[in-house]
Amino acid sequence: MTDDAVYELAQVNIARLKAPLDSPQLKDFADALDPVNASADAADGFVWRLQSEGGDATDIPVFGDSWLIVNLTVWRDADALTAFMYQGRHREMLARRREWFERLAEAVTTLWWVPAGHRPTVAEAESRLLHLRTHGPTPYAFTLRTSYPAGTSVPVPGEVPEGLGCSV
């Protein structure tokens, strides 16, 4: 029996900067980070977001690439995430993303269900994103367009999904 309250929706998205964060080109983006993060923190269904001492995650490395920034969050469900994404300040930021970020050919966003209370790591998010890029949407890593119900094949933290393990 699956109980949605037992699971929460993790979300990661990465972006490759077009210029340094402190550059004039990215000033509007950098200035909007705190207000957008504050609106996320207050959003219905928001659970958690990755942040460093600075209050955001722009200085947390992802894929060993200093030009990539990561946004890693946990939400009650896809409806809560979608409602936040397409409203207010965040929607304004989405509309301007091409000014600040390179267009990447591979997937930059993925979702997955985590046990309630679990806080995903950047390494976990990287694994999920790589899985999506390799296998397409699966219960292990999916998209808003191709999603799976809460509790569907949720590996415990640290478990390697089928097909990604080493064979001897």
Side-chain angles (χ1 to χ4, degrees), residues 7-78 80-134 140-144 155-161 164:
Y7 299 100
E8 296 168 331
L9 186 67
Q11 173 279 149
V12 66
N13 65 77
I14 60 171
R16 180 178 305 283
L17 299 170
K18 283 188 170 181
L21 269 173
D22 60 356
S23 69
Q25 184 176 349
L26 267 69
K27 183 178 182 350
D28 288 350
F29 171 76
D31 288 350
L33 272 175
D34 287 342
V36 169
N37 285 336
S39 66
D41 293 348
D44 181 45
F46 172 82
V47 177
W48 171 87
R49 70 181 164 87
L50 177 68
Q51 56 186 306
S52 67
E53 298 286 325
D56 60 49
T58 57
D59 60 348
I60 297 176
V62 60
F63 288 118
D65 185 335
S66 61
W67 287 96
L68 288 176
I69 59 173
V70 62
N71 176 38
L72 179 57
T73 58
V74 176
W75 295 82
R76 178 185 59 229
D77 54 33
L81 171 61
T82 303
F84 169 73
M85 285 174 53
Y86 298 112
Q87 293 180 35
R89 290 177 184 248
H90 190 267
R91 181 182 176 150
E92 294 168 18
M93 299 285 285
L94 275 177
R96 296 185 63 192
R97 67 187 178 274
R98 298 288 172 241
E99 293 176 41
W100 306 313
F101 307 117
E102 298 290 337
R103 185 177 204 97
L104 300 178
E106 62 270 355
V108 295
T109 301
T110 194
L111 310 169
W112 68 101
W113 293 105
V114 296
H118 175 69
R119 301 300 172 245
T121 64
V122 171
E124 183 181 342
E126 289 172 341
S127 171
R128 303 286 177 148
L129 193 50
L130 290 173
H131 184 84
L132 177 70
R133 288 174 179 177
T134 302
Y140 185 77
F142 52 90
T143 65
L144 282 172
V156 294
E159 179 181 312
V160 176
L164 288 186

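In what follows, residues are counted from 1 in the order of the sequence shown. Just so we're clear, the structure is a prediction, and the values are computed from it rather than from any experiment.
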Please report the interatomic distance [atom1]([X]) to [atom2]([Y]), rounded to the nearest 0.5 Å.
| X | Y | atom1 | atom2 | result |
| --- | --- | --- | --- | --- |
| T82 | L144 | OG1 | CG | 4.5 Å |
| L26 | L21 | CG | CG | 6.0 Å |
| L33 | D28 | CG | CG | 11.5 Å |
| I60 | L68 | CD1 | CG | 13.5 Å |
| D22 | K27 | CG | NZ | 11.5 Å |
| L50 | T121 | CG | OG1 | 9.0 Å |

My understanding is that only one of W113, F84, Y7 makes a ring pair (Phe, Tyr, Trp, His ring centres under 6.0 Å) with W75; could you say which? F84
Closest non-hydrogen atom pair, [X] against [Y]:
| X | Y | value |
| --- | --- | --- |
| M85 | H90 | O-ND1, 2.9 Å |
| R49 | G55 | NH1-O, 2.7 Å |
| Y140 | S127 | OH-OG, 3.1 Å |
| L72 | V122 | CD2-N, 4.1 Å |
| A10 | P120 | CB-CG, 4.0 Å |
| R98 | R103 | NE-NH1, 2.8 Å |

Is D44 paired with R76 through a side-chain N to carboxylate O contact shorter than 4.0 Å? yes
Which residues satisfy the side chain to side chain contact (heavy atoms under 4.5 Å, CB included) test with R119, sequence neighbours excluded? E8, V47, W48, V74
Are any non-hydrogen side-chain atoms of [X] and [Y] less than 4.5 angstrom apart?
| X | Y | result |
| --- | --- | --- |
| F63 | V70 | no |
| N37 | Q51 | no |
| R96 | E92 | no |
| D56 | I69 | no |
| T109 | T143 | no |

Please identify each residue that fulfils side chain to side chain donor-acceptor pair (under 3.5 Å) with R16, with sequence neighbours left out. D65
Do T110 and W112 have side-chain atoms, one donor and one acceptor, less than 3.5 Å apart? no
Is it true that a side-chain atom of R97 and a backbone atom of L94 form a donor plus acceptor pair closer than 3.5 Å? yes
Parallel, tilted or perpendicular: which describes the rings of F101 and F29, with under 30° parallel and over 60° perpendicular? perpendicular
